[in-house]
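Quick notes on the structure that follows.
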Amino acid sequence: MITAHTPADWPTTESEARAVQDALRGRLILDEAGPRPGTGRVTGVDVAYDDERDLVVAAAVVLDASLETVEEATAVGRVSFRYVPGLLAFRELPTVLAALGSLRSDPGLVVCDGYGLAHPRRFGLAGHLGVLTGLPSIGVAKNPFTFLHQDPDRRRGAVSPLLDGTEEVGRAVRTQDGVKPVFVSVGHRIDLDNACEHTLRLAPRHRLPETTRRADALCRRALAGLPS
DNA sequence: GCGACAG
DNA sequence: ATCTTGTCGC
């Protein structure tokens with residue numbers, strides 16, 4: 001496990017953070033189809049917190065096309081930004097980038113726990129990570145945030161648009177029969193159809209994609225194993 | 001001003 | 001996110 005250092009120019013205040021989002025949003029690439037599901041590697045990232053000590057542990061888990069784990073990395077950092085809805089990236093990204101950066105493998109598509117385009121300023125965690133790394137990325141969230149959607153048909157594979165007014169910012173995707181959908185949005189260098197196909201393929205047996213499940217398990221394990 | 005609000 | 005007992009089901 002490596003140690004993450006927050007960049008010196010990382011925003012400190014909420015207004016600075018919003019300004020960064022507004023400045024970087026234009027660097028999103030949204031006209032690429034993206035990697036085809038079932039080809040190449042996919043990497044899941046997630047974080048776990050120790051509120052007492054203000055620590056955050058990030059994990060990155062690389063899967064191959066058959067969903068076998070091929071590499072894992074973790075990083076520990078200091079929490080440098082409080083949780084503010086819409087500004088999640090500023091809390092998680094420095095440590096996530098450190099974990100991603102310590103991988104020897106090419107990450108391929110990065111799957112984030114949160115949003116991409118489905119964001120008040122269209123620049124959630126997944127898009128931010130994509131712009132900073134240049135990697136294709138998607139966001140798969142467990143909640144619809146403030147966006148509206150119809151409940152998809154009860155069977156696996158059913159989808160319905162996630163709407164901000166009339167704009168489709170993502171999709172509710174049912175990954176297992178009868179279970180609550182997940183909320184998929186585009187991050188960087190991939191289209192929404194492809195993002196949803198990847199999500200379904202990554203979730204053959206559980207509600208959440210294997211990328212998220214394995215990254216979540218790894219960062220919790222790493223946090224628990226940290227010296228007191 | 002008040003409530004809602006990814007993780 | 002995290003705090004937490006029991007409970008239902010494969």
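Chain identifiers are assigned alphabetically (A, B, ...) following the order of the sequence lines, protein sequences preceding nucleic acid strands; residue numbering begins at 1 within each chain. Computed from a prediction, not measured in an experiment: that's the story for all the values here.
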- Task: May I ask you to verify if any side-chain N or O of A:Lys142 is less than 4.0 angstrom from the OP1 or OP2 atom of B:dG7?
- Result: yes
- B:dG7 base stacked by A:Tyr83? Criteria: ring centres under 5.5 Å, plane angle under 30°. yes
- Task: Can you tell me the distance, in whole Å, between the CG atom of A:Leu148 and the P atom of B:dA6?
- Result: 14 Å
- Is the closest basic N to carboxylate O distance between A:Glu197 and A:Arg36 below 4.0 Å? yes
- Query: Does C:dA1 have OP1 or OP2 sitting under 4.0 Å from an N or O in the side chain of A:Arg220?
  - Reply: yes
- Message: Using a 4.0 Å heavy-atom cut-off, does A:Leu87 contact any base of the nucleic acid, only the sugar-phosphate backbone, or nothing at all?
- Response: base
- Calculate the interatomic distance between A:Leu125 atom CG and B:dG7 atom P; express it in whole Å. 10 Å
- Using a cut-off of strictly less than 4.0 Å, decide whether A:Asn143 has a side-chain nitrogen or oxygen near OP1 or OP2 of B:dC5. no
- Message: Categorize A:Gly139 for me: base, sugar-phosphate, or nothing, with a 4.0 angstrom heavy-atom threshold over every strand shown.
- Response: nothing
- Item | Rounded distance (Å) that lies between atom C1' of C:dA1 and atom CZ of A:Phe81 | 16 Å
- Between A:Tyr49 and A:Glu92, is any side-chain donor less than 3.5 angstrom from a side-chain acceptor? yes
- Task: Report the distance from atom CZ of A:Arg82 to atom P of C:dT2, rounded to the nearest whole Å.
- Result: 18 Å
- Message: If the threshold is 4.0 Å, N to carboxylate O, is there a salt bridge linking A:Arg213 and A:Asp46?
- Response: no
- Task: Could you list by number each residue of residues 41-54 of chain A showing a heavy-atom separation from DNA chain C of less than 4.0 Å, or answer none if no residue does?
- Result: A:Ala48, A:Tyr49
Could you list all N or O pairs between the protein and nucleotides 6-10 of chain C that sit under 3.5 Å apart?
none

- Message: Can you confirm whether A:Arg27 is buried at CZ, in the sense that more than 12 heavy atoms of other residues, nucleotides or ligands lie under 6.0 Å from that atom?
- Response: no
- Message: Can you measure A:Leu129 atom CG to B:dA6 atom C1' for me and round it to whole angstrom units?
- Response: 15 Å
- To the nearest angstrom, the CD-P distance between A:Gln21 and B:dA6 comes to 15 Å
- Message: Students often mix this up, so state it plainly: with edges at 30° and 60°, are the rings of A:Phe90 and A:His128 parallel, tilted or perpendicular?
- Response: perpendicular
- Task: Please check the phosphate of B:dA6 (OP1 and OP2 only) for any side-chain N or O of A:Arg91 closer than 4.0 Å.
- Result: no
- Task: Decide side-chain contact (heavy atoms from CB on, under 4.5 Å) for A:Thr211 and A:Val140; before the verdict, give the C-alpha distance in whole Å, the side-chain angles of both, and the deciding distance to 0.1 Å.
- Result: CA-CA 10 Å; A:Thr211 38; A:Val140 180; over 6 Å; no
- Does the distance from a Lys or Arg side-chain N to an Asp or Glu carboxylate O, for A:Arg18 and A:Asp22, drop under 4.0 Å? no
- Query: What's the CZ-C1' distance between A:Phe145 and B:dG3, to the nearest Å?
  - Reply: 14 Å
